[in-house]
Amino acid sequence: MIIQIDDLSAKGPDVFANLTERELRYAYEKKGGIFIAESPNVILRALDAGYEPVSFLMEEKHITGDAATIIERCPQLPVYTAPRQVLEKLTGYKLTRGVLGAFKRKEGGDYKQICKSAHRIAVLENIADATNMGAIFRSAAALGIDAVLLTPECADPLCRRCLRVSMGNVFLVDWARIGENAGEWPERGMEELKKLGFKTLSMALRNNSVDIDDPVLYNEEKLAILLGTEGDGLLTQTINLSDYVAKIPMKEGVDSLNVAAAGAVIFWELRKR
């Protein structure tokens with residue numbers, strides 16, 4: 001159902017209009033919350049993953065172009081359209097791919113359930129930057145990580161920027177939060193990982209750090225790779241509770257990589273072949 005936007009204050013497309021990620025998540029709380037997916041590929045992956053679409057917003061040229069498949073799959077849903085300049089006024093930001101989809105939220109799975117058959121998981125501790133979060137999910141999907149667990153203070157993996165940077169790969173990797181509030185991490189969360197049979201590996205620069213190509217790490221059947229927040233890295237408590245501490249060998253004068261880059265390196269090195 002194609003609907004031309006003539007009035008920027010119209011109620012139909014208001015879900016796309018200048019709302020923050022928090023407002024999207026909580027202003028529609030009675031409906032379970034909304035998230036915005038950007039670009040045809042990300043939208044198609046959300047549909048394939050079973051997320052329920054609400055409406056779409058796109059430039060006119062995409063109706064018979066890049067978004068034609070989306071419209072065919074969701075023929076009863078409203079598709080709001082206007083020239084790019086109008087859409088940017090409505091949303092408050094530049095549409096890099098010209099197509100947005102609003103979807104009903106559903107949270108990640110139960111971490112105990114998704115870890116049952118997992119061999120390699122990533123545990124993200126307090127990762128706040130959506131760009132880093134998206135890049136980590138993209139690497140996890142590409143390099144065989146079975147699941148991603150998020151501590152309670154991590155960014156929302158369903159925020160628009162994370163979804164865009166991940167190229168929709170958030171929908172291809174099982175994920176869940178480990179704990180509902182900050183007080184449940186790290187002591188309780190680390191204990192839960194061990195109950196699930198995982199050895200825990202903290203990525204940190206310590207005197208007792210081993211290199212990531214140490215055979216003992218690769219030979220672990222179930223390994224949880226812990227990556228810390230931007231800047232400060234992992235909490236001291238988390239490192240002290242870990243079974244292993246590892247580092248990526250680097251040239252003299254460089255002590256660390258961006259957390260997303262570090263994740264890609266460690267995922268590749270320790271993937272189960």
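One is the number of the first residue; the rest follow in order along the sequence.
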Asker: Taking all atoms of both residues into account, what is the closest heavy-atom pair of S166 and N169, and its distance?
Answerer: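 Nearest heavy atoms, S166 then N169: O-ND2, 2.7 Å.
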
Asker: Which residues satisfy the salt bridge (charged side-chain N to carboxylate O under 4.0 Å, His left out) test with E184, sequence neighbours excluded?
Answerer: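 If we apply the salt bridge (charged side-chain N to carboxylate O under 4.0 Å, His left out) test to E184, skipping adjacent residues, the hits are R188.
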
Asker: Can any side-chain N or O of D211 pair as donor or acceptor with the backbone N or O of D213 at less than 3.5 Å?
Answerer: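 Checking the backbone N and O of D213 against the side chain of D211, no donor-acceptor pair under 3.5 Å is found.
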
Asker: Holding to salt bridge (charged side-chain N to carboxylate O under 4.0 Å, His left out), I want the full list of residues that pass it with K116, two or more places apart in sequence or in another chain.
Answerer: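 Here no residue qualifies.
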
Asker: From S202 OG over to I225 CD1, what is the distance, rounded to the nearest 0.5 angstrom?
Answerer: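 Atom-to-atom, S202:OG and I225:CD1 are 11.0 Å apart.
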
Asker: So, for G263 and L227, which heavy atoms are closest and what is the spacing to 0.1 Å?
Answerer: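 Nearest pair, atom of G263 first, then L227: CA-CD1, 3.8 Å.
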
Asker: Which pairs count as salt bridge (charged side-chain N to carboxylate O under 4.0 Å, His left out) when at least one residue sits in residues 35-44, sequence neighbours excluded?
Answerer: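 Every pair satisfying salt bridge (charged side-chain N to carboxylate O under 4.0 Å, His left out) with a residue in residues 35-44: E38-R160, E38-R164.
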
Asker: Apply side chain to side chain contact (heavy atoms under 4.5 Å, CB included) to the pair I248 and E269, showing each step before the final yes or no.
Answerer: CA-CA 10 Å; I248 298 171; E269 182 64 41; over 6 Å; no

Asker: Identify the heavy atoms of R45 and G168 that sit nearest to each other, and give their distance.
Answerer: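 In this case the closest contact between R45 and G168 is CD-O, 3.8 Å.
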
Asker: When you compare the side chain of E180 with that of P152, does any pair of heavy atoms fall below 4.5 Å?
Answerer: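 In short, these two side chains do not touch, never coming nearer than 4.5 Å.
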
Asker: Rounded to the nearest 0.5 Å, how far apart are CG of D110 and CG of D174?
Answerer: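 Here the rounded value is 11.0 Å.
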
Asker: Is F35 reachable from L172 through a run of hydrophobic residues whose side-chain heavy atoms are each under 4.5 Å from the next?
Answerer: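 As far as the 4.5 Å side-chain criterion goes, F35 and L172 are not connected within one cluster.
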
Asker: Less than 4.5 Å apart, side chain to side chain, heavy atoms only: is that true for I212 and L201?
Answerer: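 The answer is no; the side chains never approach within 4.5 Å.
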
Asker: Answer yes if I127 and V173 sit in the same cluster of Ile, Leu, Val, Met, Phe, Trp and Tyr residues linked by side chain heavy atoms under 4.5 Å apart, and no otherwise.
Answerer: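 Same cluster: I127 reaches V173 through Ile, Leu, Val, Met, Phe, Trp or Tyr contacts under 4.5 Å.
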
Asker: Does the R120 side chain pair with the main chain of L270, one donor and one acceptor, at a distance under 3.5 Å?
Answerer: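 Such a contact is found between R120 side chain and L270 backbone.
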
Asker: For side chain to side chain contact (heavy atoms under 4.5 Å, CB included), just list the numbers for F56 and V99, CA-CA rounded to whole Å, side-chain angles, deciding distance to a tenth of an Å, and then say yes or no.
Answerer: CA-CA 7 Å; F56 302 101; V99 182; 5.6 Å; no

Asker: Could you report the tightest heavy-atom contact between T81 and E59, atom names first, then the distance?
Answerer: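 Answer, listing the atom of T81 first, then E59: OG1-C, 3.6 Å.
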
Asker: Tell me if the NZ atom of K112 is crowded by more than 12 foreign heavy atoms within 6.0 Å.
Answerer: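 Counting other residues, nucleotides and ligands, NZ of K112 stays at 12 neighbours or fewer.
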
Asker: How about V210 and V216: do any of their side-chain heavy atoms sit closer than 4.5 Å?
Answerer: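 With C-beta onward as the side chain, the pair stays apart.
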
Asker: Is the backbone of W268 close enough, under 3.5 Å, to the side chain of R271 for a donor and an acceptor to pair up by distance?
Answerer: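 Answer holds: yes.
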
Asker: Should V79 and I70 count as side-chain neighbours, where that means a heavy-atom distance under 4.5 Å?
Answerer: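 The answer is no, as the side chains (C-beta and beyond) never meet within the 4.5 Å cut-off.
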
Asker: Assess the residue pair I36 and T91 against the criterion (side chain to side chain contact (heavy atoms under 4.5 Å, CB included)); give the C-alpha distance rounded to whole Å, side-chain angles, the decisive distance to 0.1 Å, and a yes or no.
Answerer: CA-CA 11 Å; I36 303 298; T91 62; over 6 Å; no

Asker: Between E60 and Q4, is a side chain to side chain contact (heavy atoms under 4.5 Å, CB included) present by the stated rule, with each step listed?
Answerer: CA-CA 9 Å; E60 295 162 327; Q4 187 74 31; 3.0 Å; yes

Asker: Give a yes or no answer on whether the side chain of S242 reaches the backbone of T200 with a donor-acceptor pair at less than 3.5 Å.
Answerer: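 Flag not set: sc S242 to bb T200 has no pair under 3.5 Å.
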
Asker: Is the shortest heavy-atom distance from the side chain of L158 to the side chain of W175 under 4.5 Å?
Answerer: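 When only atoms from C-beta onward are counted, W175 and L158 do touch, with a gap below 4.5 Å.
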
Asker: If we ignore hydrogens and angles and just use 3.5 Å, is the side chain of N219 paired with the main-chain N or O of P215 as donor and acceptor?
Answerer: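 Yes, the answer is positive, given that a donor and an acceptor are paired below the 3.5 Å cut-off.
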
Asker: Hey, is R73 close enough to D48 for a salt bridge, meaning N to O under 4.0 Å?
Answerer: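 So R73 pairs with D48 through a salt bridge.
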
Asker: Would you mind writing out the side-chain donor-acceptor pairs for residues 132-145 within the sub-3.5 Å range, not counting sequence neighbours?
Answerer:
residue: N132; atom: OD1; partner: N258; partner atom: ND2; Å: 3.1
residue: N132; atom: ND2; partner: E230; partner atom: OE2; Å: 3.2
residue: S139; atom: OG; partner: A135; partner atom: O; Å: 3.3

Asker: Can you name the nearest heavy-atom pair linking G233 to E125, along with the distance?
Answerer: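 In this case the closest contact between G233 and E125 is O-OE1, 4.1 Å.
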
Asker: Whether E52 and K106 form a salt bridge (side-chain N of Lys/Arg under 4.0 Å from carboxylate O of Asp/Glu) is what I want to check.
Answerer: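 Not counted as a salt bridge, because no side-chain N and carboxylate O are separated by less than 4.0 Å.
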
Asker: Report the hydrophobic cluster partners of L149, with the cluster defined as I, L, V, M, F, W, Y residues connected by side-chain heavy atoms closer than 4.5 angstrom, directly or transitively.
Answerer: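 Noted: L149 shares its cluster with Y111, I114, I121, V123, I178, W185, M190, L193, L196, F198, L226, L234, L235, I239, L241, V245.
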
Asker: Assess whether a salt bridge exists between K194 and E191, defined as any Lys/Arg side-chain N lying under 4.0 Å from an Asp/Glu carboxylate O.
Answerer: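 No, K194 and E191 are not salt-bridged.
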
Asker: Counting C-beta onward and ignoring hydrogens, is there a side-chain heavy-atom pair between L163 and F171 closer than 4.5 Å?
Answerer: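 Result yes, sub-4.5 Å side-chain heavy-atom pair found.
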
Asker: State, with a plain yes or no, whether a side-chain heavy atom of Q76 is found less than 4.5 Å away from one of M1.
Answerer: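 No, their side chains stay 4.5 Å or more apart.
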
Asker: In terms of hydrophobic clustering (I, L, V, M, F, W, Y; side-chain heavy atoms under 4.5 Å; direct or indirect links), are M167 and L44 co-clustered?
Answerer: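 No.
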
Asker: Does N126 offer a backbone N or O that forms a donor-acceptor pair with the side chain of T151 under 3.5 Å?
Answerer: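 Between the backbone of N126 and the side chain of T151 there is a qualifying donor-acceptor contact (under 3.5 Å).
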
Asker: Any donor and acceptor pair, going by atom type alone, linking the side chain of K104 with main-chain N or O of Y51 inside 3.5 Å?
Answerer: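 Absent.
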
Asker: Of all heavy-atom pairs between K199 and Y244, which one has the smallest distance, and what is that distance?
Answerer: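 It is CB-CE1, 4.1 Å.
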
Asker: For the hydrophobic clusters of this structure (ILVMFWY residues joined by side-chain heavy atoms under 4.5 Å, transitively), does one cluster hold both V165 and L257?
Answerer: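 No: no chain of side-chain contacts under 4.5 Å links V165 to L257.
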
Asker: Check whether any side-chain heavy atom of V259 lies under 4.5 Å from a side-chain heavy atom of D129, and answer yes or no.
Answerer: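 Side-chain contact under 4.5 Å: no.
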
Asker: Could you measure the distance from the CD1 atom of I71 to the CE atom of M58? Nearest 0.5 Å is fine.
Answerer: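 Separation between the atoms: 4.5 Å.
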
Asker: Kindly write out the residues that satisfy side-chain hydrogen bond (donor to acceptor under 3.5 Å, both in side chains) with D156, not counting sequence neighbours, or none if the list is empty.
Answerer: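 Applying side-chain hydrogen bond (donor to acceptor under 3.5 Å, both in side chains) to D156 gives R105.
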
